[in-house]
There are 2 protein chains.
Amino acid sequence: MAALLNERKEQILKAVVINYVITAEPVGSRTVSRSHRMGLSSATIRNEMADLEEQGFLVQPHTSAGRIPTQLGYRYYVDNLMDLSDLSDDDELALSNSLSTEKMREIEQIINNSARVLSSATNQTSLIMGPQFRKSAFHHLRILPLDEKRGLVVLITDTGFIKNKVIDMQQQLSQAELHQVVSYLNQKLYGLTIDQVTTSLINELKRDLFKRLEILEQAFILLEESLKEEKQIRVFLGGTTNILNQPEFKDVDKIRRMLNLFEQEPLLFKILEDTSSEDNIVVRIGAENEHADIQECTLITGTYKIHDKTLGTVGVLGPTRMDYGHVIGVMRRLVNYLNKSLSS
Amino acid sequence: MAALLNERKEQILKAVVINYVITAEPVGSRTVSRSHRMGLSSATIRNEMADLEEQGFLVQPHTSAGRIPTQLGYRYYVDNLMDLSDLSDDDELALSNSLSTEKMREIEQIINNSARVLSSATNQTSLIMGPQFRKSAFHHLRILPLDEKRGLVVLITDTGFIKNKVIDMQQQLSQAELHQVVSYLNQKLYGLTIDQVTTSLINELKRDLFKRLEILEQAFILLEESLKEEKQIRVFLGGTTNILNQPEFKDVDKIRRMLNLFEQEPLLFKILEDTSSEDNIVVRIGAENEHADIQECTLITGTYKIHDKTLGTVGVLGPTRMDYGHVIGVMRRLVNYLNKSLSS
DNA sequence: TTTAGCACTCTATGCCTCAGAGTGCTAAAT
DNA sequence: ATTTAGCACTCTGAGGCATAGAGTGCTAAA
């Protein structure tokens, strides 16, 4: 960690960041000296800024331009200088309105709404990772016969996740047989997380059950299949077009790269998962992100929980020039709402 | 319908369209006379082109430029001149591979895959409307109790559509009571399309049932709710970034408008539904589209069916400068595959 | 009816200039 | 020892201008 700056340098750095976030233009010494009434002439500021540049907090796009913050500059700002802005009343209202638990029983809907709210309150793109099915605990399983040849498997987890899948049943099963198998499975699997339902466990059960009821090969294959399939998780996006409003994305090529990224759910998932610090809000600025395509961006993430168990991650993605205080404020609030909503 | 052109004019129009589709540059008389070896000098072509312009099939972007087709020109081309290209072997392979029915029991997956294939084979954005739940016929309904206070309603249609929803049950119901209600409902609703399950019908049933079993207010509200909710349908997109490859979309503002459109499912749904001619493939060029935001685009749509019953619509959206023959060829093929896959 | 030839038009490109913004340095002021 | 005023210097971006190139329309000859 670089040494701390003296207060005057801090004030100047802060002024540059704030100004640059608003205008997207390099900030000159004159502007700082004027707008932030710190009673110093532009010449003095110039000297300080030269220092800040030497220490790596600021850069000039070219010799005769103002300064813009480096990633290090943003980092310092976030760690030491940032004011957490609270929500505006409008935002507050919009948030609580669209997340009122009233009409939203389905978790998908809550998540989707959250993505919308988050993106519109921050003017950035938002990503939300749904509950991680495979980390939920098995609650119970049902098989509904649909007709002679098909059945519907319904899998329910402790977090209220419901997964269903139509299966073919080669051999016809009587109600009684079916019931027998299902209740055996329920008994054995209860309380395990989906992650723990490994192939080997399934095989074991299969052997077990095989002795008692030979017909059920098929049912197991299906259970396996339905679990495998869930390896990748849905990531919900909101406000993907917001990124087009940022002047740093006026280049069609950059836009293409970002949108391409947005189309690849597994990648998004990986990006979000990498940041999960299990606790609180994480800010990744520029190259602090692993994925190459977002190294000009900042990703801010938080996690939401149900009864203290981490369910998923919410994120905001935008250019490094972003209103950190505001975004973090909004995200705090959103995570709180989510935690409350989901725990009831 | 405008009068038909003589053969020479047709050849020239065709040459201009084909050339322009490839190069995206205005086509000059010299180019036509050379590349399409029709044994005429550029001067002659020039005269004919002037005629074609007067008749509204071609335009010049400026006085000293080549010509590009107007919407009328494209229309004439599609109606009278177009060669339907068959698929390349590669495309063919990709198509049959990714749509092999093997691993895809879920309809969502089939649709999703189709969207991907369609967009990558055409290099355009594809839109696919999933099966219209509300036009499916009611098959049967189950209610699974989850715990004391919650149940899972499962609704199954004749087209294999499965819709489930968790409901709260204020009053506890015994298994027997539940069973009674459910079987009554099944009997009454069987065979109706979801559209036909109107609020008034539900009310009627409610009265009916009320006499016999007072507790079930709640269950009905839930059925109603779950139906209402399905009014809007999912539209699956593929290759949204393809649109960025088109030179006509190098303007960030246009891009924003398109992407914005893509984010609004209900609008997309409306656009797709408007074109449903119930039969065969429909081409809407430019202003032939109702929606203002796609009047510089061409939308080509087709419908897929299961047992002769129209399920949904697939579409390809791109600039009016598009390889009509190829897109239509691919779409034909895809629709055939879909029809076959779904009917088995 | 077709074509060669030519004058004309329009765009896109590169080059130049110049104003404006902002800097760094030096010397004076506090 | 700081701070500030003043000044020369640098770099960008916008505007103006000339030019090459592509393509046309028209006229007159084939």
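In what follows, chains are A, B, ... by sequence order, proteins preceding strands, each numbered from 1.
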Which residues satisfy the salt bridge (charged side-chain N to carboxylate O under 4.0 Å, His left out) test with [X], sequence neighbours excluded?
X: A:R8; answer: A:E48
X: B:E288; answer: B:R75
X: A:D251; answer: none
X: A:D293; answer: none

Non-hydrogen side-chain atoms of [X] and [Y] separated by less than 4.5 Å:
X: A:S126; Y: A:V314; result: no
X: A:Y324; Y: A:S85; result: no
X: A:F249; Y: A:M258; result: yes

Item checked: Sequence neighbours excluded - salt bridge (charged side-chain N to carboxylate O under 4.0 Å, His left out) pairs with any residue from residues 317-335 of chain A ->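 Counting only pairs at least two positions apart or across chains, the salt bridge (charged side-chain N to carboxylate O under 4.0 Å, His left out) contacts touching residues 317-335 of chain A are A:D86-A:R333, A:E92-A:R333, A:E248-A:R321.
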Checklist line | Of all pairs that satisfy side chain to side chain donor-acceptor pair (under 3.5 Å), the ones with a partner from residues 64-74 of chain B, not counting sequence neighbours | finding: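 Sorted pair list: B:E53-B:R67.
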Checklist line | Members of residues 45-53 of chain B that approach DNA chain D, where some heavy atom sits under 4.0 Å away | finding: B:R46
Notebook entry, point to check: Does any residue of residues 6-26 of chain A have a heavy atom under 4.0 Å from DNA chain D, and if so, which ones, in number order?
Noted result: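 Per residue number, the list reads A:R8.
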Item checked: Pairing of A:E290 and A:R284 as salt bridge, 4.0 angstrom limit -> no
Checklist line | For chain A, the stretch of DNA chain D it reaches, first to last nucleotide, under 4.0 Å of its heavy atoms | finding: D:dT3 to D:dT12
Check nucleotides 10-16 of chain C against the protein and report each pair of N or O atoms closer than 3.5 Å, with its distance, or say if there are none.
| residue | atom | partner | partner atom | Å |
| --- | --- | --- | --- | --- |
| C:dC10 | OP1 | B:T63 | OG1 | 3.4 |
| C:dC10 | O2 | B:S64 | OG | 3.1 |

Notebook entry, point to check: Under 4.0 Å between a side-chain N/O of B:S41 and OP1 or OP2 of C:dT2, yes or no?
Noted result: no
Note to self: On DNA chain C, compare the nucleotides closest to A:Q60 and B:T44; which residue's is nearer the 5' end?
What the structure shows: B:T44
Next item on the list: Hey, which sits more toward the 5' end of DNA chain C by its nearest nucleotide, B:L40 or A:A43?
Entry: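 Between the two, 5'-proximity favours B:L40.
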Item checked: Over 12 foreign heavy atoms within 6.0 Å of CD, A:E296 ->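 No, because the 6.0 Å sphere around CD of A:E296 holds 12 heavy atoms or fewer from other groups.
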Next item on the list: Return yes when atom CZ of A:R256 has more than 12 non-hydrogen atoms of other residues, nucleotides or ligands closer than 6.0 Å, and no otherwise.
Entry: yes
Check: Which is true for A:S29 with a 4.0 Å heavy-atom rule: it touches a base, it touches only sugar-phosphate, or it touches nothing?
Finding: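 Since only primed, P, OP1 and OP2 atoms lie under 4.0 Å of A:S29, the category is sugar-phosphate.
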Notebook entry, point to check: Do you know which two heavy atoms are closest between B:L58 and B:P69, and how far apart they sit?
Noted result: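 Between these two residues, the closest heavy atoms are CD2-CA, 3.8 Å.
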Item checked: Candidate pair B:S29 and B:R46, rule side-chain hydrogen bond (donor to acceptor under 3.5 Å, both in side chains), full reasoning -> CA-CA 5 Å; B:S29 54; B:R46 263 205 294 289; 3.2 Å; yes
Notebook entry, point to check: In dot-bracket form, how is DNA chain D paired, counting a Watson-Crick or G-U wobble pair only if both its distances are under 3.5 Å and using | for bases paired to another strand?
Noted result: ||||||||||||||||||||||||||||||
Just distance, no hydrogens or angles: give the donor-acceptor pairs under 3.5 Å from side chains in residues 10-19 of chain B, sequence neighbours left out.
| residue | atom | partner | partner atom | Å |
| --- | --- | --- | --- | --- |
| B:E10 | OE2 | B:Y76 | OH | 2.6 |
| B:K14 | NZ | B:D83 | OD2 | 3.3 |

